[in-house]
Amino acid sequence: MPISRPEQPVFRFAPSPNGLLHLGHALSAILNHDMAAAMGGRFLLRIEDIDRTRCRPEFEAAIFGDLAWLGLDWEEPVRRQSEHLGVYAAALERLKAMGLVYPAVMTRGEIRAAVAAAEAKGQAWPRDPDGTPLYPGRERGFTPDEQAALLASGRSYAWRLDMGEAVRCAGGPLTWRETGLSQSGEAASIVADPAAWGDVILSRSDAPSSYHLSVVVDDALQGITHVVRGRDLYHATSVHRLLQRLLDLPQPVYHHHRLVLGPDGRKLSKSDSDTGIAAFRAAGHRPADVRAMVLGER
Ligand code: GLU
């Protein structure tokens, strides 16, 4: 991988090959590419294929095909997360050594039942910015012996961040620089609120790293200076800033762009083939049409 000059901006587009790219991905990729070009920076492509149950080689091939068709070019070699699991495992070990993670075994069904029981008693249960109930944290504070017994029990488990401890350990307010909120691209300082996410998952017995952990490790390793991505990941940035602080990683500037909405006004989904880049290609549209469509130039 070419070494950047210290001041050279580095951008990345980081899709997961678990479906076909849609117009929202086209917008992300084009913005990253164009902003890098405008700033004399580098444009990297990263394949986020940690979740082996959902990622497929044919979707990865389609990503390369669609991006090339859009006229974008990126540096080789492309980083594939599945080829770097040891790096994420090392970051998790570091957080374990700091006493900030714990093994958690409650299933989705058990969590739902715990939340329903609390709500039946009139207790409001907190939800994360995506609307998912926070983890009850039953195993938080287990002794080392209790943890060892849990891990030896053969149940599937996840390593979860002890959010309360992690926020304490971060020791002071966390902010990030955001350039995606104003038309002019002026930077605003945003206060991060990682606690809103509760005890997030950092790895599972069946998936060696989570999105949150691998994204911050990779952004640092690849020297990413500017993270440009959709607003659906705006609130996740709070968790990323916390992990960056805990792991002593540099912080990029963030630019969360508007989402491209479907004809029904809802967020696009990879399973909706009508708004896939491939569908526009097949229908005879030109790359310039897609570019104009997502940038709102037409
Ligand atoms: N892999 C994530 C996705 O496809 C994007 C990660 C990021 O840009 O931070 O939604």
Side-chain angles (χ1 to χ4, degrees), residues 4-15 23-44 46 48 126-132 134 161 163 166-198 200 211-261 265-268 291 294-297:
S4 345
R5 300 189 306 272
E7 75 283 10
Q8 190 181 24
V10 186
F11 290 75
R12 86 320 192 257
F13 175 55
L23 291 181
H25 297 109
L27 176 59
S28 255
I30 290 171
L31 284 177
N32 270 290
H33 177 271
D34 290 5
M35 287 166 89
M39 292 170 73
R42 298 167 53 202
F43 172 57
L44 312 183
R46 183 166 77 222
E48 302 213 322
R127 283 172 161 71
D128 72 21
D130 286 344
T132 306
L134 301 198
L161 188 67
M163 184 56 82
V167 167
R168 259 189 298 283
C169 183
L174 286 164
T175 56
W176 80 83
R177 259 160 58 80
E178 170 69 50
T179 60
L181 298 182
S182 71
Q183 283 290 351
S184 61
E186 202 184 311
S189 174
I190 308 294
V191 177
D193 179 19
W197 289 94
V200 290
Y211 159 64
H212 294 309
L213 186 60
S214 36
V215 86
V216 295
V217 168
D218 279 353
D219 284 341
L221 277 176
Q222 293 191 290
I224 304 299
T225 57
H226 293 71
V227 170
V228 178
R229 59 188 179 193
R231 280 210 190 132
D232 48 342
L233 291 170
Y234 180 87
H235 291 291
T237 310
S238 286
V239 177
H240 302 171
R241 286 292 300 115
L242 174 63
L243 292 173
Q244 285 159 355
R245 170 79 61 84
L246 297 173
L247 294 167
D248 291 321
L249 303 175
Q251 54 167 316
V253 175
Y254 288 88
H255 182 100
H256 292 94
H257 60 74
R258 66 180 167 75
L259 299 179
V260 178
L261 302 177
R266 306 219 342 228
K267 199 177 131 182
L268 299 182
R291 184 175 256 280
V294 296
L295 292 177
E297 288 169 356

Check: Is any side-chain heavy atom of Tyr234 less than 4.5 Å from a side-chain heavy atom of Leu181?
Finding: yes
Next item on the list: For Thr175 and Arg241, work out which heavy atoms get closest and say how close.
Entry: O-NE, 2.6 Å
Margin query: Which residue in the set Leu161, Asp128, Leu242 passes side chain to side chain contact (heavy atoms under 4.5 Å, CB included) when paired with Val200?
Written below: Leu161
Next item on the list: Give the minimum heavy-atom separation between Arg127 and Leu134, together with the two atoms involved.
Entry: C-CD2, 3.8 Å
Margin query: By the definition salt bridge (Lys or Arg N to Asp or Glu O under 4.0 Å), identify the one residue from Lys267, Arg258, Arg266 that meets it with Asp232.
Written below: Lys267
Checklist line | Gap between atom OG1 of Thr179 and atom CD1 of Ile190 - 0.5 Å precision | finding: 10.0 Å
Notebook entry, point to check: For the residue pair Leu261 and Leu268, what are the closest heavy atoms and their distance?
Noted result: C-CD2, 3.8 Å
Check: Taking C-beta and beyond as the side chain, do Trp197 and Asp130 meet within less than 4.5 Å on heavy atoms?
Finding: yes
Check: Would you say the side chain of Val191 lies within less than 4.5 Å of the side chain of Leu174, judging by non-hydrogen atoms?
Finding: no
Item checked: Atom pair NE2/CZ of His33 and Phe13 - distance to nearest 0.5 Å -> 12.5 Å
Check: Quick one: are Pro9 and Met35 in side-chain contact, heavy atoms under 4.5 Å?
Finding: no
Margin query: For Tyr211, is there any backbone N or O sitting under 3.5 Å from a side-chain donor or acceptor partner on Glu48?
Written below: no
Check: Would you say Val227 and Leu233 make side-chain contact, with heavy atoms under 4.5 Å?
Finding: no
Check: Is there a donor-acceptor contact under 3.5 Å from the side chain of Arg245 to the main chain of Pro173?
Finding: yes
Check: Which pair of heavy atoms, one from Leu243 and one from His212, lies closest together, and at what distance?
Finding: CD1-O, 3.8 Å
Margin query: On a heavy-atom basis, which atom in Asp193 and which in Ser238 lie closest, and how many Å separate them?
Written below: N-OG, 2.8 Å
Notebook entry, point to check: Using a distance-only test with no angle check, is there a side-chain donor-acceptor pair under 3.5 angstrom linking Gln8 and Arg42?
Noted result: no
Item checked: Student check: side-chain heavy atoms of Leu213 and Leu247 closer than 4.5 Å -> yes
Notebook entry, point to check: Distance from His256 atom NE2 to Trp176 atom CH2, nearest 0.5 Å?
Noted result: 6.5 Å
Next item on the list: Kindly state whether the ring of Phe43 and the ring of His226 have centres lying under 6.0 angstrom apart.
Entry: no
Next item on the list: Report the distance from atom CZ of Arg46 to atom CG of Asp218, rounding to the nearest 0.5 Å.
Entry: 4.5 Å
Checklist line | Least distance between heavy atoms, Leu246 atom then Ala170 atom | finding: CD2-N, 4.0 Å
Item checked: Arg12 side chain near Arg229 side chain, heavy-atom distance below 4.5 Å -> yes
Note to self: Quick check for you: to the nearest 0.5 Å, what is the distance between Leu249 atom CG and Ile224 atom CD1?
What the structure shows: 13.0 Å
Check: To the nearest 0.5 Å, how far apart are CD in Gln251 and OG1 in Thr237?
Finding: 11.0 Å
Next item on the list: Kindly check if the number of other-residue, nucleotide or ligand heavy atoms within 6.0 Å of CZ (Arg177) is above 12?
Entry: no
Item checked: Arg291 vs Ile30 side-chain heavy atoms within contact, under 4.5 Å -> yes
